[in-house]
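Read through the structure below, which is laid out as structure tokens, and then see the notes.
Numbering starts at 1 and runs along the sequence shown.
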Amino acid sequence: LKAAHKVNLAKYKRLTPQLFHHNAIVMLTNGIESRIGSVFSPYPYFQEWKRLKEEEPGRVDLETMLRGICRKTSFLDLFENFILFDESKGEMRKIMARNHQYLGVNRAYYSVESRHQQDGKLGVFWHTQGSGKSYSMIFLSRKVHRKQPGNFTFLVLTDREDLDDQIYKTFAGVGEVDNDKDRCRARSGPDLRDLLGYNKQYVFSLVQKFNLTDPTSYSDRSDIIVISDEAHRTQYGVFARRMREVLPNASFIGFTGTPLMGGPEDELTKSTFGDYISTYDFQRAVIDKATVPLYYDNRGEKMNITTEALNEKMAKVLEEFDPNEDQEARLRRVLRSDYLIITKPERLERIAQDFVEHYTCLLYTSDAADE
């Protein structure tokens with residue numbers, strides 16, 4: 001497969017570049033294994049296409065890829081709805097949906113298609129961190145705009161400024177929005193209400209901006225789709241309840257990269273958004289090489305500090321997260337004297353030294369293994 005990319009494809013691009021002027025997909029195969037990518041993709045970005053249905057365990061073979069990609073309906077769907085050109089990193093990049101995004105987004109699309117039978121609950125889209133959730137949001141909204149009749153508005157909702165900036169920049173990078181030409185980012189509660197009345201294709205906001213006490217509805221439209229990022233955090237608090245009051249006919253889909261682990265929180269999320277419509281967990285993402293493995297190395301003993309009680313206190317602070325409160329001040333109040341211990345300059349210096357030593361040794365070991 002590497003030779004197919006490094007030798008064959010490179011030769012074709014050099015000798016017959018006109019073949020690739022309008023190319024949608026490049027497939028590499030040795031007759032058994034196969035990978036798919038764009039004409040500009042480095043080899044590590046060529047991906048396997050292992051499943052025809054999300055619940056399948058997955059097989060790496062040419063037959064699965066041909067059946068999943070080269071059937072007429074699948075190919076035209078990929079060509080029309082699952083290829084992006086992204087300039088958010090400063091240069092043009094061609095992005096093609098991965099197998100798990102294609103399957104998951106189409107499940108979400110069918111949920112939108114049948115939204116009138118679901119009482120506004122489109123479901124929870126759980127794809128682990130690093131699996132391209134922002135792109136999946138774009139694939140979904142673009143396909144709905146292209147294929148579904150109506151004048152849909154997607155309200156992309158987060159609970160932190162940095163997340164709002166990140167998602168907006170991704171949408172802007174692929175040309176879906178331009179806040180300078182067609183303002184779509186809410187600056188306040190009244191501004192959010194106005195934007196939702198303009199029938200825009202996209203509106204971006206923090207959930208905290210549903211803060212008006214006026215009982216007047218923002219919009220009675222039934223073609224507003226609310227995409228709640230990290231749905232299990234603040235998306236069923238006071239602001240979220242207010243949102244549902246002022247958008248009585250909207251539909252809601254929750255996107256999350258964090259497992260909910262069952263229990264009351266899981267049930268609350270599902271009662272708010274509906275059941276899971278697509279699941280792509282961390283273990284499967286690592287097996288598929290969609291994300292890198294995560295290793296935990298407990299190094300607390302070197303610091304000579306007992307952390308179990310501190311962890312419990314900090315977990316409690318995070319569970320009761322209030323975006324309008326100074327979190328550092330709250331940590332000081334909850335942890336009291338422990339806060340001075342864990343932020344002591346000598347301790348932070350030792351942690352930094354340990355961090356540098358650990359990764360220096362790790363890189364040295366990796367280099368030696370490569371040699």
Side-chain angles (χ1 to χ4, degrees), residues 101 104-105 107-109 111-112 115 118-129 131-141 144 152-168 170-171 176-177 184-186 189 192-193 195-196 200-211 218-219 221-261 264-280 318-319 321-324:
Q101 290 174 308
V105 167
R107 283 190 167 200
Y109 174 81
S111 185
V112 173
R115 67 192 182 282
Q118 301 188 61
D119 195 27
K121 299 176 182 179
L122 301 182
V124 178
F125 190 100
W126 170 30
H127 282 203
T128 190
Q129 293 178 354
S131 59
K133 279 195 293 112
S134 295
Y135 284 135
S136 294
M137 294 178 190
I138 296 171
F139 290 133
L140 172 62
S141 59
V144 169
F152 285 88
T153 293
F154 282 88
L155 171 58
V156 184
L157 210 62
T158 63
D159 59 6
R160 296 203 325 253
E161 292 280 0
D162 59 330
L163 282 177
D164 185 56
D165 288 340
Q166 173 191 328
I167 291 177
Y168 168 76
T170 304
F171 274 76
E176 286 296 288
V177 295
C184 56
R185 302 186 72 182
L192 173 58
R193 179 175 56 191
L195 289 175
L196 289 172
K200 293 176 176 290
Q201 285 195 327
Y202 296 98
V203 175
F204 296 81
S205 176
L206 300 180
V207 67
Q208 296 90 298
K209 289 186 170 61
F210 282 98
N211 56 7
Y218 283 26
S219 176
R221 291 167 52 203
S222 62
D223 53 3
I224 293 178
I225 308 293
V226 180
I227 296 179
S228 293
D229 189 41
E230 292 303 337
H232 58 286
R233 242 181 356 221
T234 55
Q235 307 297 357
Y236 33 69
V238 60
F239 298 121
R241 289 195 296 272
R242 177 66 180 139
M243 172 179 62
R244 283 167 172 76
E245 291 172 0
V246 298
L247 298 175
N249 299 316
S251 298
F252 300 84
I253 180 171
F255 274 71
T256 182
T258 309
L260 303 180
M261 299 299 186
E265 185 179 45
D266 195 1
E267 293 305 314
L268 182 57
T269 298
K270 288 193 284 188
S271 69
T272 302
F273 293 96
D275 214 334
Y276 292 105
I277 49 173
S278 179
T279 301
Y280 189 66
L318 293 173
E319 287 173 2
F321 175 79
D322 181 352
N324 295 318

Gap separating the [atom1] atom of [X] from the [atom2] atom of [Y], nearest 0.5 angstrom:
{"X": "Leu140", "Y": "Ile225", "atom1": "CG", "atom2": "CD1", "answer": "8.5 Å"}
{"X": "Lys209", "Y": "Met243", "atom1": "NZ", "atom2": "CE", "answer": "14.0 Å"}
{"X": "Thr158", "Y": "Ile227", "atom1": "OG1", "atom2": "CD1", "answer": "12.0 Å"}
{"X": "Phe252", "Y": "Arg244", "atom1": "CZ", "atom2": "CZ", "answer": "4.5 Å"}
{"X": "Leu195", "Y": "Ser219", "atom1": "CG", "atom2": "OG", "answer": "12.0 Å"}
{"X": "Phe152", "Y": "Arg221", "atom1": "CZ", "atom2": "CZ", "answer": "9.5 Å"}

message: Within 45 degrees of the ring normal and closer than 6.0 Å to the centroid, is that where the cationic atom of Arg107 sits relative to Phe139?
response: no

task: Go through the side-chain N and O atoms of Ser111 and Gln118 and say whether any donor and acceptor fall under 3.5 Å apart.
output: yes

With Arg185 via salt bridge (Lys or Arg N to Asp or Glu O under 4.0 Å) - residues at least two apart: Asp164, Asp165

Partners meeting salt bridge (Lys or Arg N to Asp or Glu O under 4.0 Å) with Asp119 (sequence neighbours left out): none

- line: Note: Ser205 and Leu155 closest approach over all heavy atoms is CB-CD1, 4.2 Å

statement: Shortest non-hydrogen pair, Gly123 vs Ile277, comes out as CA-CG2, 4.0 Å

task: Ignoring hydrogens and angles, tell me if any N or O in the side chain of Gln208 forms a donor-acceptor pair with the backbone of Asp159 under 3.5 Å.
output: yes

Checking [X] now: which residues fulfil ring-ring contact (aromatic ring centres under 6.0 Å, His included) with it, not counting sequence neighbours?
{"X": "Phe125", "result": "His127, Phe255"}
{"X": "Phe210", "result": "Tyr218"}
{"X": "Tyr109", "result": "none"}
{"X": "Tyr202", "result": "His145, Phe171"}

